[in-house]
S.K.: 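Handing you a structure now.
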Amino acid sequence: MTLALSIEGVTKRFGTLVANDRIDLALHRGEILALLGENGAGKTTLMNVLFGHYVADEGSIRVAGPDGALASLPPGSPHAALGAGIGMVHQHFALAESLTVLQNVVLGTRPLSAPHLGLRAARAKLERLMGESGLHVRLNARIANLSVGEKQRVEILKVLYRDARILILDEPTAVLTPQEADGLFATLRRLAASGLAVIFISHKLGEVLAVADRVAVLRGGRKVSDQPIAGVDRRMLATLMVGREIGVSRRTLREPGPPLLVLDQVSMRLPSGRAGLDGVSLTVRGGEIVGIAGVSGNGQAALAALIAGMAEASAGSVTLAGKPLRASPRAAIEAGIARIPEDRHAEGIVGPLSVAENLALESLDSPEVQRLGFLRFDRLRERASQAIAAYDIRCPGPEAPIRLLSGGNIQKVILARVLERDPRLILANQPTRGLDVGAAAEVHRRLLEARMNNVGIVLISEDLDELLALCDRIAVMVKGRLTAPEPVETLTLERLGLLMAGHREEEAA
Amino acid sequence: MLEGLFDILLSSSFWAAAIRIATPLMFGVLGALICERAGVLNLGIEGIFTAGAMAGWLAVYLGADLWTGLLAAAATGAAFGLIHALLTVPLGLSQHVTGIGVTLLATSLAYFTYRVYLPNVATPPRITPFQPVAIPGLSDLPFLGPALFQQTPLTYLALALFALAALVLYRTPLGLAIRAVGENPAAVGAQGLSVHGLRIGAVVVGSAVMALGGAFLTMAAFNAFFFEMTNGRGWICIALTVFASWRPGKALLGALLFGAFDAFQLRLQHRLGGVVPGQVFLMLPYLLSIAALIAVSRGADYPKALMVPYFKGQR
């Protein structure tokens, strides 16, 4: 096999943090290399060094030219990286929404002083590339009108259009249904067979095993393993990634309690054209976890806002333990609903405030927190110290501004705030998104514990493995409609995928 | 009464006046559009108008010819644009606050310069302005000829700049890059282009074009520099940009519409001045503009990255 790329001893430091520590990595033509690691392991930093967004403190990168000869890549220049045939598909798409597919692809490919866009030649070349790769999109469509899967195809076409020899994909399946992901894997294999070298960044073990030829594992900025996929299994990769064995919490069987949250034919319209709710019915009982699966943007946000009292239904009824629920966040909190918000930074915390203050945010009325309208700082500190110990929150102390904490530790603060209030119902929206395996396991353990204490839990998640592991029943959200929840014992990943893609009951069965 | 109104609308002298009044707005709205398409709101426009008016007039007053004066105005606008761009693009400061700061700075500097040259003058000295140029052939057309083709060269320049801007924005790689940088700078950065370079360039060029609008005031309309002469025209251009949904064709139309409202109120004042207080008519173009804004620009397709600073390696 001929070498396409050679990363040699790359070290990148941010202050005292060593994000990449003497990393060597080789990539061959026609090979799919998976780069596996937790958040913060250094995967994205390494790719940013490769793509010229960062300059490495030590080490060098050599890239093979069209003739196969290795030449060193000038550091710190995305322009040079593109010129050397490296193309990157970012996790957050780098597309201009109001421009067409064709315009997005030709952007930056011609000198700015060129008198015209050369669209005719571009279209011909793209049509040939679409035929060869099987990536079909309508070239005149505006990006805003495309599905997420189609946008990803445009991103890959952008790379192919520049005659890239190396394709880097950063967490490409995060936004896809399982079926779309399978389609992507097939495409990647076809591209690799035609000689393209592919780097596939992921923290999901299953897809690494499914698509890669070779896997390199990063942990704490170091490469801890690099071997052919044939010799590894799931358990081995997980241990390599985390550095220790991860205890998996298991759901124990129990009889759920009486109905707690009941949604009856609830509809909700949103002005902005985003998906609302359309005749949604759902019953959540105490002591059970009901999962809501679905591709993001199908109405999960509306459902979460409804349950948290932040939005009002236009039709239908919402009751908690038999009492109608008013559309007010305060009423929801008083009724015993606690929420783990989807965007923990935007909706879960107030960054500049301390850990102690953030812990008290949802119980400002309680005499525990205030007396005669004055905050009881000694009590706040005390409560915070207890929570820090009980939930293993890694932080400088109760007075530290919460924005300094890592995502996993912020989530533990939110979890502590939610559970300390002894809620009757927990609304957990993407509770482990972006968390490392250890922190995610802790969140799972706490949710299962709450379930045993008769708390009803609505778990909205895009991680199907998570749903299948934690939930008693799972419903699927498609275009504002909710399928009837099915017991997890009878559900499979394939069936969930079909339901998520909007297939009707009979087809999916 | 109603017949009188129609007479106004059908006279070519009315339309000639409308186009004349619209000319500074054409420069202004085009300049604002270029900045905003690249994602930078330039509220320095009001001050850049004043500075352009001052610089163009002063150059001619000191002995330069008219076209050199115009160049001086454009260079002054570009300089203030560069200040705005350097503060808002690489440093990412608030575009609102910086823009208002630039307006205050440019206005005050213009007044200061005026006073330095003319410390004790009661009546502002006049210069010989641009004269109307009849386009051979076209100016003889009925109605259209006197309305459109007997204007000063600055009006023709404004129209030519609109055509050029539309061509560049929609037909060239540079224009595509400018539009994309106002939509999603990360997309432009990922394609190996310089986001900051494109934005700074657009703001500098846009500001130079704005300054030409100011120069029209002193070099083709009032022939002298007065305090307060910009009189909110810059702000009107910011509103017109929204009215135009950031499209050059609609921007030109918007400027003409406002010019027509203004010319119309002047004539109404003339006819009905005895009955209705003049201030009512002065208000008219602004009221109509607000009405037009409400009617047209709700849900306008604005540049998604307008006022969003971009820092490399951050998303």
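Per chain, numbering begins at 1; letters A, B, ... match sequence-line order.
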S.K.: Only counting residues at least two apart or in another chain, list the ones meeting side chain to side chain contact (heavy atoms under 4.5 Å, CB included) with Arg162(A).
M.R.: Leu82(A), Thr109(A), Gln191(B)

S.K.: Find the one option among Ala187(B), Pro173(B), Gly192(B), Pro303(B) whose heavy-atom pairs under 4.5 Å with chain A are most numerous.
M.R.: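 Answer, by heavy-atom pair count under 4.5 Å with chain A: Pro173(B).
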
S.K.: Given that the side chain runs from C-beta out, which part of Val105(A) has a heavy atom under 4.5 Å from chain B: side chain, backbone, both or neither?
M.R.: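 The backbone, not the side chain.
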
S.K.: Search all heavy atoms of Leu107(A) against all heavy atoms of Ala180(B) and return the closest pair with its distance.
M.R.: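 Looking at all heavy atoms of both residues, the shortest contact is CD2-CB, 3.6 Å.
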
S.K.: Between Val181(B) and chain A, which part of the residue has a heavy atom less than 4.5 Å away: side chain, backbone, both or neither?
M.R.: neither

S.K.: More than 12 non-hydrogen atoms from neighbouring residues, nucleotides or ligands closer than 6.0 Å to CZ on Arg247(B), yes or no?
M.R.: no

S.K.: Determine the option with the most heavy-atom pairs under 4.5 angstrom with chain B, choosing from Gln103(A), Glu155(A), Lys158(A).
M.R.: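 Top option by heavy-atom pairs under 4.5 Å: Gln103(A).
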
S.K.: Among Leu176(B), Leu198(B), Ile178(B), whose side-chain contact (heavy atoms from CB on, under 4.5 Å) with Leu112(A) holds?
M.R.: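 The residue from Leu176(B), Leu198(B), Ile178(B) that satisfies side-chain contact (heavy atoms from CB on, under 4.5 Å) with Leu112(A) turns out to be Leu198(B).
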
S.K.: Rounded to the nearest 0.5 Å, what's the gap from OG on Ser98(A) to CH2 on Trp246(B)? Could you check?
M.R.: 11.5 Å

S.K.: Please flag which part of Leu99(A) lies under 4.5 Å from any non-hydrogen atom of chain B: side chain, backbone, both or neither.
M.R.: side chain

S.K.: Between the side chain of Asn184(B) and the main-chain N/O of Ala94(A), is any donor-acceptor distance below 3.5 Å?
M.R.: no

S.K.: Kindly compute the distance separating CD (Glu97(A)) from CD (Glu183(B)), expressed to the nearest 0.5 Å.
M.R.: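 Interatomic distance, Glu97(A) CD to Glu183(B) CD, rounded to 0.5 Å: 8.0 Å.
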
